[in-house]
Amino acid sequence: MSFPLLTATAALPAVGAIAVAAVPAARRTAAKWLALLVSLATLALAVTVLVRFDPDGARYQLTESRSWIAEFGVRYELGVDGIGVALIALTALLMPFIILAGWHDADPLETKSSRWRPTQGFFALILAVEAMVILSFEATDVFLFYIFFEAMLIPMYFLIGGFGDRAHAGSDEKASAQRSYAAVKFLLYNLVGGLIMLAAVIGLYVVAGNFSLQEITEARANGTLEMATSTERWLFLGFFFAFAVKAPLWPLHTWLPNAMGEATAPVAVLITAVVDKVGTFAMLRFCLGLFPEASKWATPVILVLALVSIVYGALLAVGQRDIKRLVAYASISHFGFIILGIFAMTSQGQSGATLYMVNHGISTAALMLVAGFLISRRGSRLIADYGGVQKVAPVLAGTFLIGGLATLSLPGLAPFVSEFLVLVGAFARYPVVGIIATIGIVLAALYTLVLYQRTMTGPVKPEVSAMPDLRVRELLVVTPLIALLIGLGVYPKPLTDLVNPAVKHTMSDVQQKDPKPDVEAAK
């Protein structure tokens with residue numbers, strides 16, 4: 001039997017989470033180093049998956065299949081396509097930076113009389129989320145995917161509510177209440193979506209007789225499994241609703257600004273750069289793969305919702321006074337672009353959407369983590385409390401600017417390629433949709449440059465006059481992210497070569513071909 005590489009990639013952070021939680025209370029530093037080493041070892045396994053994956057080979061590779069709950073047709077089935085490999089690599093790549101950035105985030109909670117170990121708990125929960133997210137990207141059994149899709153909510157709930165941001169104006173009681181509210185809202189929104197999906201999962205089993213994604217997809221393709229039109233549409237809506245909450249798509253997005261605003265900066269990155277990607281990934285893998293006709297039926301409405309997300313999220317970002325909430329609303333706009341690319345039903349759009357998932361993860365991590373370093377120095381999330389930072393901390397200001405420019409998809413940085421492909425793919429089939437979506441680009445330039453101007457330029461405010469520049473640990477976090485943004489912006493070919501064959505399979509699932517250019521109209 002070959003080595004179960006996919007299982008090992010997910011099991012390592014799970015085992016690491018248990019080991020970190022078991023570290024004695026007095027050994028906080030040892031717990032941090034153990035968590036970092038586990039994340040680096042997981043990254044090494046993810047790189048091995050990336051190297052062993054052949055983009056031109058079978059659709060699902062490195063597969064594992066074992067009987068699990070035989071009475072109900074549930075199997076432990078894993079497999080990855082190019083899209084899954086790219087997102088596993090993103091997840092494993094970001095985790096060491098998240099851990100390094102959050103190195104001291106749980107320290108204020110430590111007391112000599114405390115019986116619980118917040119430092120150990122903080123890093124153990126982060127590793128637990130990593131394990132569940134990776135398994136979600138690997139699972140090809142629908143029921144197995146559902147379990148980890150829901151299970152990741154529990155550690156995220158405690159990370160938001162128990163280890164939230166301490167940069168609050170006002171009393172500790174008020175701050176604690178806000179963190180609790182954000183955590184409960186996050187949990188309830190996603191639980192409701194998950195419960196609706198569970199009903200759809202059960203309905204899929206009744207219709208198909210099993211939970212295997214590959215078997216159901218093949219049966220749909222060769223005509224041995226037929227679904228009534230109404231049945232397929234209801235099942236699609238059950239799956240899509242849960243994924244739209246996770247994504248987050250307007251109007252199911254309202255939990256995200258609260259969660260990101262109240263979480264620490266590393267946990268905010270974990271939410272939007274890692275966890276939320278499970279929703280958009282699942283739209284590609286499950287919605288389009290299992291319910292192709294229903295996906296095409298729902299496309300006009302979904303495109304409208306995506307456009308609303310793009311424009312609405314960007315408009316609210318323009319008006320924000322809170323740095324972290326600004327990044328949260330910007331992310332809602334960016335997820336609108338991702339969903340637009342998925343449901344444009346073109347190869348350019350879906351390739352762009354997949355690249356957007358990866359590049360948005362890197363750019364948001366760079367911007368939010370630098371913002372977190374800024375906030376920790378000043379103790380405030382309000383934009384108005386800053387000014388002239390570039391004169392006292394030029395390296396911090398410079399990295400903040402690059403992260404912001406990546407967020408607005410400046411040519412030469414990685415997100416530009418993604419956004420360009422999404423817009424090209426959308427315009428090819430839905431010209432009006434593509435034109436309206438460009439409004440998001442203009443607004444992104446506005447909120448990003450205004451944020452930089454108000455925080456980094458102008459007279460130096462007395463409260464930031466003694467602000468230190470980035471330290472060695474912080475430079476170790478942001479420098480590789482900036483390098484990736486530039487590298488993938490200049491040369492995105494390795495990533496496009498990885499995901500394009502998987503996109504072709506998805507296009508085949510929905511029986512769509514790219515529209516031919518109207519040469520006569522162009523003349």
Side-chain angles (χ1 to χ4, degrees), residues 9 42-43 46-47 49-51 53 55 80-98 130 133-134 136-138 243 246-247 269-285 327 330-331 333-342 347-369 402-403 405-425 478 480-503 506:
T9 306
T42 305
L43 176 58
V47 170
V49 172
L50 182 63
V51 170
F53 182 82
V80 287
D81 59 4
I83 299 170
V85 169
L87 293 174
I88 290 170
L90 171 69
T91 302
L93 172 70
L94 292 180
M95 284 302 165
F97 303 127
I98 289 173
E130 179 181 20
V133 169
I134 289 176
S136 297
F137 293 141
E138 296 175 344
F243 303 152
K246 186 87 76 178
V269 171
L270 189 63
I271 295 169
T272 190
V274 177
V275 172
D276 288 354
K277 298 301 188 301
V278 178
T280 48
F281 164 79
M283 290 179 188
L284 275 168
R285 173 169 280 190
V327 178
S331 291
S333 181
H334 295 149
F335 274 101
F337 277 108
I338 294 172
I339 296 169
L340 173 64
I342 292 172
S347 58
Q348 299 99 326
Q350 292 186 358
S351 293
T354 304
L355 293 180
Y356 216 131
M357 291 186 228
V358 176
N359 294 331
H360 171 264
I362 300 171
S363 63
T364 298
L367 180 61
M368 179 59 84
L369 293 179
I402 296 174
L405 293 176
T407 298
L408 64 82
S409 299
L410 183 76
L413 297 176
F416 170 76
V417 181
S418 318
E419 201 163 273
F420 178 78
L421 285 173
V422 167
L423 291 173
V424 168
V478 299
L481 296 174
I482 298 298
L484 279 169
L485 288 174
I486 297 172
L488 290 174
V490 174
Y491 190 66
K493 188 175 184 297
L495 195 52
T496 57
D497 288 345
L498 178 65
V499 305
N500 282 344
V503 167
T506 304

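These figures come from a predicted structure and were not determined experimentally.
- Put simply, CG on Leu43 and OG1 on Thr9 are 10.5 Å apart, with the number rounded to the nearest 0.5 Å.
- Contact of the Leu421 side chain with the Tyr356 side chain is not registered, since no non-hydrogen atoms from C-beta on lie closer than 4.5 Å.
- Inter-residue side-chain proximity for Ser363 and Leu485 is flagged as met; some heavy-atom pair is nearer than 4.5 Å.
- A pairwise comparison of heavy atoms in Ala92 and Ala46 identifies CB-CB, 3.5 Å as the closest pair.
- The two residues Gly403 and Ile482 come nearest to each other via the heavy atoms N-CD1, 4.4 Å.
- Taking CG of Leu498 as the reference point, atom NZ of Lys493 lies at 11.5 Å (rounded to 0.5 Å).
- Here CG of Leu93 is found 6.0 Å from CD1 of Ile362. Values are rounded to the nearest 0.5 Å.
- Across all non-hydrogen atoms, the minimal contact from Ala247 to Ile339 is CB-CD1, 4.0 Å.
- Minimum heavy-atom separation, Glu419 to Ser409: OE1-OG, 3.1 Å.
- Between Val278 and Ser136, the shortest heavy-atom distance links the atoms CG1-CB, 4.1 Å.
- Atoms CZ and CG, on Phe243 and Asp276 in that order, are 13.5 Å from each other to the nearest 0.5 Å.
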>> Could you go through Ile88 and Leu50, starting from their C-alpha distance and side-chain angles, then the distance that decides it, and tell me whether this counts as side chain to side chain contact (heavy atoms under 4.5 Å, CB included)?
In response: CA-CA 9 Å; Ile88 290 170; Leu50 182 63; over 6 Å; no
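- Between Leu369 and Leu481 the shortest side-chain heavy-atom distance falls below 4.5 Å.
- Counting heavy atoms from C-beta on, the side chains of Met357 and Leu90 never come closer than 4.5 Å.
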>> As a quick check of understanding, evaluate side chain to side chain contact (heavy atoms under 4.5 Å, CB included) for Leu495 and Asn359, giving each step before the final call.
In response: CA-CA 10 Å; Leu495 195 52; Asn359 294 331; 4.3 Å; yes
>> Between Val133 and Leu270, does the side chain to side chain contact (heavy atoms under 4.5 Å, CB included) criterion hold? Intermediate values first, please.
In response: CA-CA 10 Å; Val133 169; Leu270 189 63; over 6 Å; no
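- Ser331 has its side chain within reach of Thr364: a pair of non-hydrogen atoms, C-beta onward, lies under 4.5 Å apart.
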>> Between Ile338 and Val422, is the side chain to side chain contact (heavy atoms under 4.5 Å, CB included) condition met? List the steps.
In response: CA-CA 7 Å; Ile338 294 172; Val422 167; over 6 Å; no
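- Rounded to the nearest 0.5 Å, atoms CD (Gln348) and CG (Leu355) are 12.0 Å apart.
- Pro55 places none of its side-chain heavy atoms less than 4.5 Å from the side chain of Asp497.
- Side-chain atoms of Thr280 come within 3.5 Å of backbone atoms of Lys277 as a donor-acceptor pair (strictly under, hydrogens ignored).
- Side chain of His360 to backbone of Ser418: no donor-acceptor contact under 3.5 angstrom is found.
- Taking the six-membered ring for Trp and thresholds of 30 and 60 degrees, Phe281 and Phe137 have ring planes more than 60 degrees apart, a perpendicular arrangement.
- We find the CG-CG distance between Leu484 and Leu413 to be 12.0 Å, quoted to the nearest 0.5 Å.
- When all heavy atoms are compared, the tightest approach of Gln350 to Thr506 is OE1-CG2, 3.5 Å.
- For the pair Ile134 and Thr42, the minimum side-chain heavy-atom distance is below 4.5 Å.
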